[in-house]
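Please read the structure below before turning to the comments.
Residue numbers run from 1 in the order of the sequence given.
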Amino acid sequence: MQNKASLSPLLILTALFAALSGLYLLGGGIWLAKLGGSLYYIIAGLVLLLTSWLLFRRRATALLLYAVFLLGTTAWALWEVGPDFWALTPRLDVTFFFGLWLVLPFIYRRLIANGKLAYGALSAALVITVVALAYSVFNDPQEINGTLDAAQVQPTDATAADWPAYGRTQEGTRYSPLSQINDKNVGQLQEAWRFQTGDLKTANDPGEITNEVTPIKIRDTLYLCTPHQKLFALDAATGKQKWLFDPQLKFDPTFQHITCRGVSYHETAAAADAAAGAAPALCARRIILPVNDGRLFALDADSGKRCPDFANNGELNLQSNMPYATPGHYEPTSPPVITDKVIVIAGAVTDNYSNREPSGVIRGFDVNSGKLLWAFDPGAKDPNAIPADEHHFTPNSPNSWAPSAYDAKLDIVYLPMGVTTPDIWGGDRTPEMERYASGLLALNATTGKLVWFYQTVHHDLWDMDVPAQPTLADITDKSGNKVPVIYVPTKTGNIFVLNRTNGELVVPAPEKPVPQGPAKGDRLSPTQPFSELTFRPEKKLTGADMWGATIYDQLVCRVMFHSLRYEGTFTPPSEQGTLVFPGNLGMFEWGGLSVDTDRQIAIANPIALPFVSKLIPRGPGNPIEPPEGDKGGSGSESGVQPQYGVPFGVTLNPFLSPFGLPCKQPAWGYISAVDLKTNDIVWKKRIGTVRDSSPLPLPFKMGMPMLGGPVSTAGNVFFIGATADNYLRAFSVTNGEKLWEARLPAGGQATPMTYEANGKQYVVISAGGHGSFGTTLGDYIVAYALPDAK
């Protein structure tokens, strides 16, 4: 029956909404089509305008037209992205809810002519859309759901109770042979103790203040450093403070980082006597603490007192013979490698500030006296030359900022190398500056002499340095032979697998052509190496990969995407603006891999977040030399980066929509397992929710960006924080099933660790957040354990 009622205010508003949406989509769709993008938005705009006109005329054919449009949109969305719920959402959310609004009684009963038919058609279209979305919830095309071989019972080694180095071992495995906590009982974990350091962000800090520490544990004590490099010793069983050392970090907002990933430990033969009951000698057991203003401390592990025989009363000046020794331009942020004789230390150099910055020199110091034993300056003609008092190391040498690994049997230290700065333009780099950049450097730890070098990116213009501690393992190949390998995760998503004795490839990494067309005055490598063990994207991004909360901002992201230069991985920086994917944050960051060398498997947590770089030619407001009085440093790794001394500044930012959401569809973060015998990715799952990053605390699992890495155990369980929500989680190593999670008091952008104290296994994580990552800041160290038996 036709309703003769007049046009209602709600119907008028509904028609206006359709009209405005139609005009927006039509205008944006025409713009997108001119850029070579999808024609869908033009069609959508026209349909909504026609729907609006029919609604103003109170014609029920508006519902029939919209039913056809909704079905077409659902089909188009499935064609573009498959049954991927979060990719379907911006295509269907507003579209679906507007259709649902149209079938509400106070709308459709105001319409005339064939109302029942139109109502039925639109209702059916809504049901079909719901079915498609429901199916997509349980059939995620991005996930891999394989299963590793079952874990075998492994003997616990004598050092299992401790976590004596950043990666538990200096081989960087991040694996513990403890199994008291396992996949059968991990769901019972509860908080055992909580410690607050009191070290919080101050008004004088840069934006990049981070809590990235992984504590170490020796005997009954945990040792950890805070963002301002305060060093705490805690009782491992109770979390009670034993002592505190404050190096009085000299910092200001120009520092690019304020962070400390960890400390290192060394003990002499006298320490063994002390353990047997003899009076402990001062500094027989010592903690080595790097400090962001360019100092290194040696402290007694039992008391926190300075080691008087080390350098200047326990304090070593790493700025000696350093060019441009401005505080904050050279920052040791990662724990050094310690051998029986040598401290091997490198440091971060401020990215993209100028072409006159400190050296990225790597040095070896006597572990007892602090005397300089050797130097390897990657940008010098003779890298091993030690400068006289009146000379300096080479400015802007490639640096190594991430933790290194060490093979004690071979006496080789493996250093992940970055690129000479400025990073995003390299037309003035010398052959020496390119020689040891963006790759893995193997040095003799005692002499500092080169053993071998493998370059993972040639003439790096994307800040694609090696960002993580590599991992050493002996792997059985297909012929049954044991091969001494090293796994090198990189920002590009490639994991290079090399024979660690000679640097030869174990897993092929052929050179492949990459996009060309450098910025003015620069050059490009025609090829880059692509490892066959990789998490890099299988295909180039397209407009279909763009995302948003709604169809409106997704359209904007599509327009932005097609406005940028993008030809796939290694698209050169440009004045137009270049989409960098994998992004500057990288697919792998400093968290690295967790490798069970007995089971020969690896746990990885790759991320997928594009960035945009845009070169800014020199001109008004963009001088080639720093303004008078400039202290140096931007206090951030994103935003405007000056690159003084070269023809371009640069802006670096995540690729975000106007609403601040990533323009690339989720997932932005995964956990995954690799069978190292076959190099197959066995399973891969999204990790992380939007609970702490959306306006409403919704626990939707989307796959969040991460900073930090996993640790695995013989209990067939691995632990990871890292995500942009405040959780520590435990998963099955065998299949990636989530077994447990705990809400953290702040962001967990750190790698956890595990140890045993008084017969009980603990899992500990720093929960202090990350300034530029935007997670909740705090000062917490939190430990978890199984409840005591009753």
Side-chain angles (χ1 to χ4, degrees), residues 164-166 195 197-199 213-236 240-251 255 258-275 278-322 325 327-328 330-347 363-373 781:
Y166 173 78
F195 179 79
T197 67
D199 190 6
V213 66
T214 298
I216 61 174
K217 186 262 185 182
I218 298 97
R219 297 187 178 93
D220 63 354
T221 306
L222 282 182
Y223 301 94
L224 59 101
C225 54
T226 67
H228 296 94
Q229 287 90 69
K230 295 178 180 179
L231 176 59
F232 286 85
L234 307 181
D235 182 278
K240 301 296 184 183
Q241 180 177 319
K242 290 187 172 184
W243 54 259
L244 162 66
F245 174 79
D246 185 353
Q248 300 295 318
L249 172 67
K250 305 174 184 67
F251 64 96
F255 277 42
I258 295 289
T259 193
C260 187
R261 294 186 187 91
V263 297
S264 301
Y265 173 77
H266 174 72
E267 66 178 41
T268 65
D273 295 335
L282 183 66
C283 291
R285 302 193 312 118
R286 60 183 61 186
I287 302 297
I288 307 299
L289 169 70
V291 180
N292 287 177
D293 55 19
R295 294 177 292 159
L296 188 73
F297 285 86
L299 305 164
D300 180 71
D302 295 307
S303 66
K305 295 179 180 178
R306 294 177 180 231
C307 297
D309 56 350
F310 182 86
N312 180 18
N313 190 31
E315 179 177 344
L316 177 64
N317 180 16
L318 297 175
Q319 298 278 30
S320 295
N321 297 117
M322 189 68 79
Y330 171 83
E331 295 184 75
T333 56
S334 295
V337 159
I338 310 290
T339 77
D340 288 343
K341 303 174 183 176
V342 184
I343 301 170
V344 181
I345 189 160
R363 284 167 284 185
F365 294 95
D366 185 282
V367 71
N368 295 307
S369 69
K371 177 184 177 182
L372 179 63
L373 301 177
I781 308 295

| task | Would you check if the side chain of Gln229 reaches a backbone N or O of Thr259 as a donor-acceptor pair within less than 3.5 Å? | result | yes
| Judged by atom type as modelled, is there a donor-acceptor pair below 3.5 Å linking the side chain of Trp243 to the main-chain atoms of Lys305? | no
| Heavy-atom distance under 4.5 Å between the side chains of Leu318 and Tyr330, does that happen here? | yes
| query | Got Val291 and Cys260 here, is their nearest side-chain heavy-atom distance under 4.5 Å? | reply | no
| Heavy-atom closest pair, residues Pro332 and Ala346 | CB-O, 3.9 Å
| query | How long is the gap from CD1 on Ile218 to CZ on Arg285, to the nearest 0.5 Å? | reply | 7.0 Å
| query | Tell me, do Val263 and Cys225 make a side-chain contact under 4.5 Å, heavy atoms counted? | reply | yes
| query | In Å and rounded to the nearest 0.5 Å, what is the CD1 to CG distance from Ile343 to Leu316? | reply | 7.5 Å
| task | Quick one: pull up CG in Asp340 and NE2 in His266 and give me the separation to the nearest 0.5 Å. | result | 7.0 Å
| query | Looking at residues at least two apart in the chain, or sitting in another chain, which of them share a side chain to side chain donor-acceptor pair (under 3.5 Å) with Asn313? | reply | none
| task | Enumerate the residue pairs fulfilling salt bridge (Lys or Arg N to Asp or Glu O under 4.0 Å) with a member in residues 310-319, sequence neighbours excluded, ordered by first and then second residue. | result | Arg295-Glu315, Arg306-Glu315
| request: Taking the side chain as every heavy atom from C-beta outward, state whether Glu267 and Tyr265 have any pair of such atoms under 4.5 Å apart. | output: yes
| Residues that Asp199 engages under side chain to side chain donor-acceptor pair (under 3.5 Å), provided they are two or more places apart | Thr226, His228
| Leu224 and Thr197: which non-hydrogen atoms are nearest, and at how many Å? | CD1-CG2, 4.4 Å
| said: I'd like to know if the side chain of Arg261 pairs up with that of Tyr166 as donor and acceptor (distance under 3.5 Å, no hydrogens or angles considered). | reply: no
| said: Is there a side-chain contact between Asp293 and Phe251 in this structure, where contact means two heavy atoms from C-beta onward sitting under 4.5 Å apart? | reply: no
| Roughly how far, to the nearest 0.5 Å, is the CG atom of Asp246 from the NZ atom of Lys230? | 5.0 Å
| said: Can you confirm whether Leu249 sits close enough to Asn292 that some side-chain heavy atom of one is under 4.5 Å from a side-chain heavy atom of the other? | reply: yes
| Does a salt bridge link Asp220 with Lys242, judged by any charged N lying under 4.0 Å from a carboxylate O? | yes
| request: Indicate the atoms forming the closest heavy-atom contact of Pro290 with Pro335, along with that distance. | output: CG-CA, 4.5 Å
| message | Just to verify, what does Phe297 make a ring-ring contact (aromatic ring centres under 6.0 Å, His included) with, not counting sequence neighbours? | response | Phe245
| query | Should Lys341 and Asp366 count as an ion pair when the cut-off is N to O under 4.0 Å? | reply | no
| said: Using 0.5 Å steps for rounding, measure from the CD1 atom of Ile287 to the CG atom of Asp300. | reply: 9.0 Å
| task | For the residue pair Leu289 and Pro247, establish whether any side-chain heavy-atom pair is separated by less than 4.5 Å. | result | yes
| request: Check side chain to side chain donor-acceptor pair (under 3.5 Å) between Asp309 and all other residues, then give those that pass, not counting sequence neighbours. | output: none
| Going by atom types alone, do Gln319 and Asn317 pair a side-chain donor with an acceptor below 3.5 Å? | no
| message | Less than 4.5 Å apart, side chain to side chain, heavy atoms only: is that true for Leu231 and Leu299? | response | yes
| remark: Rounded to the nearest 0.5 angstrom, the SG-CD1 distance for Cys307 and Ile288 is 6.5 Å
| note | In short, Pro227 meets Ile258 closest at the heavy-atom pair O-CG2, 3.0 Å
| message | If we ignore hydrogens and angles and just use 3.5 Å, is the side chain of Lys371 paired with the main-chain N or O of Leu373 as donor and acceptor? | response | no
| message | Name the residue from Val367, Val337, Ile338 that meets the side-chain contact (heavy atoms from CB on, under 4.5 Å) definition with Ser264. | response | Ile338
| message | For Leu296 versus Phe310, what's the shortest heavy-atom pair and its separation? | response | O-CE2, 4.2 Å
| message | Using the side chain to side chain donor-acceptor pair (under 3.5 Å) criterion, which residues pair with Arg286? Sequence neighbours excluded. | response | none
| remark: Taking every heavy atom of Ile216 against every heavy atom of Ala165, the minimum-distance pair comes out as CG2-C, 3.7 Å
